[in-house]
Amino acid sequence: MSKSAKRVKAALDAAGLNIEFVEMPDSTRTAEEAAIACKVEVGQIVKSLIFEGQRSGALKLLLVSGDHQVDMALAEKAVGEGLMRADVKRIRKETGFAIGGVSPIGHFSPLPTYIDEHLLDFDKVWAAAGGNNIVFEIDPKILLDITDAHTFKAILK
Ligand code: 5CA
């Protein structure tokens, strides 16, 4: 397992969860690819998107269903400030994850987290485990709990 995946595993263990990671033979880099690999609806894939607060400069983590997209006005309302996409190099340096493998948990330091309420419609969702072909399954309510997330509304793609 990569260092990044080990960090995700350690964070899940610390939250009292014993979750098996699944290493896929094919890429899970995008939500569409992950849905095929996991044999689930694309809506059940968790996209872990990193934004930067325009006022605070702080990174914010938005967990969005694979069949939803962020509506900037709704997201900014939830977060309480303007948002812009974070720089890829900054994401790598500050979270420890590369695009395509950003996990909802196990960042170098925890980020303020917001979860698309649509993810809570499913019994199980799948998220990146720190690499571009490694994923894990989790109850979205537990994901909300362990990331201390606020809910927000995203919109259908
Ligand atoms: N492994 C899958 C889900 S299991 C995954 O990580 N999906 S994702 O949607 O969270 O990650 C890909 C996302 O990274 C894209 O939706 C996009 O928002 C973002 N992304 C891709 N390329 C770039 C880029 N060049 N700069 C900033 N963000 C990017």
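Counting convention: from 1, in listed order, for ligands and their atoms alike.
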Colleague: Which protein non-hydrogen atom lies closest to atom 14 (O) of ligand 1, naming both residue and atom, and how far is it?
Modeller: I99 CG2, 3.4 Å
Colleague: What's the shortest distance from atom 4 (S) of ligand 1 to any protein heavy atom, and which residue and atom give it?
Modeller: A128 N, 3.5 Å
Colleague: Quick check on side-chain contact (heavy atoms from CB on, under 4.5 Å): which of T28, I138, V46, V22 does W126 satisfy it with?
Modeller: V22
Colleague: If you count the atoms of ligand 1 from 1 in the order shown, which ones are under 4.0 Å from a heavy atom of V46?
Modeller: 3 (C)
Colleague: Have a look at R85, R29, K47 and point out the one with the heavy atom closest to atom 19 (C) of ligand 1.
Modeller: R85
Colleague: Checking a contact table here: which protein heavy atom is nearest atom 1 (N) of ligand 1, and how many Å away?
Modeller: T28 O, 2.5 Å
Colleague: Output the list of atoms in ligand 1 that are nearer than 4.0 Å to some heavy atom of I45, sorted by atom number.
Modeller: 3 (C), 4 (S)
Colleague: Taking 4.0 Å as the limit for heavy-atom contacts, which would you say applies to I91 with ligand 1: side chain only, backbone only, both, or neither?
Modeller: neither
Colleague: Going by the order shown, which atoms of ligand 1 are within less than 4.0 Å of some heavy atom of G100?
Modeller: 1 (N), 2 (C), 5 (C), 6 (O)
Colleague: Ignoring angles and geometry beyond distance, decide whether S48 reaches within less than 3.5 Å of ligand 1 through its nitrogen or oxygen atoms.
Modeller: yes
Colleague: Quick one: nearest non-hydrogen protein atom to atom 16 (O) of ligand 1, plus distance?
Modeller: L49 CD2, 3.8 Å
Colleague: For the atom pair CE (M24) and CD1 (I36), what is the distance rounded to the nearest 0.5 Å?
Modeller: 11.5 Å
Colleague: Could you point out which residue of T147, L17, V125, I19 forms a side-chain contact (heavy atoms from CB on, under 4.5 Å) with I142?
Modeller: L17
Colleague: Judged by non-hydrogen atoms, does D87 sit under 4.0 Å from ligand 1?
Modeller: no
Colleague: In terms of side-chain heavy atoms, does E33 have a donor or acceptor partner in S27 at a distance below 3.5 Å?
Modeller: yes
Colleague: Return yes when atom NZ of K157 has more than 12 non-hydrogen atoms of other residues, nucleotides or ligands closer than 6.0 Å, and no otherwise.
Modeller: yes
Colleague: Who passes side chain to side chain donor-acceptor pair (under 3.5 Å) against D121, sequence neighbours left out?
Modeller: H118
Colleague: Give a yes or no on whether I146 and F136 share a hydrophobic cluster (residues Ile, Leu, Val, Met, Phe, Trp, Tyr; joining criterion: side-chain heavy atoms under 4.5 Å apart).
Modeller: yes
Colleague: Relative to atom 26 (N) of ligand 1, which among N133, V42, V88 owns the nearest non-hydrogen atom?
Modeller: V88
Colleague: Kindly say whether A128 contributes a backbone atom to a donor-acceptor pair with the side chain of S103 at under 3.5 angstrom?
Modeller: yes
